[in-house]
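One structure is given here, and the rest of the page talks about it.
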Amino acid sequence: MPGFDLWELGWNDELAENLEPGLVPGRVAAVHRGAFDVWTEAGAVRSRLPGRLMHDGLDVAAGDWVGLGDGLVRAVLARRSAIVRNAASNQHRLTHGQTLAANVDVAFVVSSIGPDLEPRRIERYLVTIWESGASPEIVLTKADRLEDPWPMVAEVEAVALGVPVHVVSALTGQGCDALRARIPAAATAVLLGSSGVGKSTLVNRWLDEEVMATKETREDDDEGRHTTTHRQLLVLPGGGLVIDTPGLRELQLWDAGSAALDATFADVEELAAECRFGDCTHMHEPGCAVLAAVETGKLPRKRLDSWRKLQRELRAIAMRHDAVLRKEELRKWKLRTRESRARTRLR
Ligand SMILES: Nc1nc2c(ncn2[C@@H]2O[C@H](COP(=O)(O)OP(=O)(O)O)[C@@H](O)[C@H]2O)c(=O)[nH]1
Ligand SMILES: [Mg+2]
Ligand SMILES: [Zn+2]
């Protein structure tokens, strides 16, 4: 296995400064059960966390930069972005944040044009991406399936609010090169979206090779292709990287700040600023600009409902999160007092 040019993988001076001397830098290309594929200057290696860090529940994701020592991951370097979802943890019957991809520059929200297109799902992805530090872009695939895809594109543009919307077909090649051009050399993109929308087909087209298994090749896959059961980092010919991900049944939000929600629903926020009362709940108040806009059809009722729903979800997550933190603080405090009591006895 030939070695990698780290700079082509997105390595930079800031990362180099953060690397402890003596550790070997590498980028996590894929995460398997307890093991990582790490790309280094010496080639691709299989690595894992030492027991102590594993116990800390360190969340290593595809795209992470790590420092290796004695073949183990000794450090995860500070991320410039992280796409984090809410994941159920059966261990504590709690939820925790799970990083889907790290150090991503552009996050493509991929949906296929057709009856399964769901603007509400796109809003959910946008909140998560606005929180991540990556820039969102929307990709509508399988444009070849409809005689006239443009009414559906317009529907998506109404929720995109200035986020670029790309219309592509991996079948005819429409828009594929233009989308590819959104990933400059050394930059990293991630493809997010439900299973079957055509993410892997698009990646294969860019690679000009059947590297990722698609729906057709998935069942009888004996060609050694990457199945999309895990998130996989890939180097594109001509520079730039892309992380292909398996479909998420549903993207559960994780602790996003109100700024991420405001960015996704800038239209509602703008209206809310016009309400007569500063603390308007937009439920029943007189002089409510939001309700007035719903009345005149300027703001779709579904969009207001979606905003409320996501707001409630985020509030619930923040409250749960706070409760967990408080419990953790209490545990540490008890531990400290017990330790100091023990010390007092010893004296
Ligand atoms: N008509 C049409 N079908 C597509 C297109 N892109 C992908 N598909 C098909 O959609 C199915 C799912 O594609 P796949 O890449 O596996 O989706 P993924 O789960 O998002 O990675 C496959 O049967 C593809 O052949 C497209 O642009 N047009
Ligand atoms: Mg796939
Ligand atoms: Zn109002």
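Whatever order the structure lists ligands and atoms in, that order sets their numbers, starting from 1.
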statement: Which of T188, N103, D37 passes side chain to side chain donor-acceptor pair (under 3.5 Å) with R27? Answer is T188
- request: Tell me, with the steps shown, if T128 and R85 meet side chain to side chain donor-acceptor pair (under 3.5 Å).
  value: CA-CA 7 Å; T128 296; R85 70 151 168 179; over 6 Å; no
task: Answer yes or no: does an N/O atom from K142 fall short of 3.5 Å to an N/O atom of ligand 1?
output: yes
message: Going by the closest heavy atom to atom 7 (C) of ligand 1, which one wins out of T141, N204, T201, V197?
response: T201
message: So V203 and M212, do their side chains get closer than 4.5 Å, heavy atoms only?
response: yes
message: Whether R79 and D64 form a salt bridge (side-chain N of Lys/Arg under 4.0 Å from carboxylate O of Asp/Glu) is what I want to check.
response: yes
message: Can you name the atoms of ligand 1, numbered from 1 with element, that are less than 4.0 Å from a heavy atom of S195?
response: 19 (O)
- prompt: When you draw lines from the Zn ion (ligand 3) to SG of C275 and to SG of C280, what angle lies between them, to the nearest 10°?
  reply: 120°
Option with minimal heavy-atom separation from atom 12 (C) of ligand 1, where the choices are A170, G196, C176: G196
statement: One finds that the ligand 1 atoms under 4.0 Å from a non-hydrogen atom of R145 are 1 (N)
field: Check: T172/D144 side-chain N/O donor and acceptor closer than 3.5 Å
entry: no
statement: Check: of V168, D144, L191, L202, min heavy-atom distance to atom 26 (C) of ligand 1 comes from D144
- prompt: Side-chain contact, heavy-atom cut-off 4.5 Å: E137 with R182?
  reply: yes
query: Just wondering, is there an N, O or S atom on S195 that's nearer than 2.8 Å to the Mg ion (ligand 2)?
result: no
field: salt bridge (Lys or Arg N to Asp or Glu O under 4.0 Å) partner of E123, chosen from R308, K309, K302, R303
entry: R303
query: Can you tell me if S169 has a non-hydrogen atom under 4.0 Å from ligand 1?
result: yes
statement: Quick look: M212 vs ligand 1, heavy-atom contacts under 4.0 Å, and the answer is neither
query: With the threshold set at 4.0 Å, does a side-chain nitrogen-carboxylate oxygen contact exist between D105 and R80?
result: yes
query: How wide is the angle at the Zn ion (ligand 3) between SG in C288 and ND1 in H282, to the nearest 10°?
result: 110°
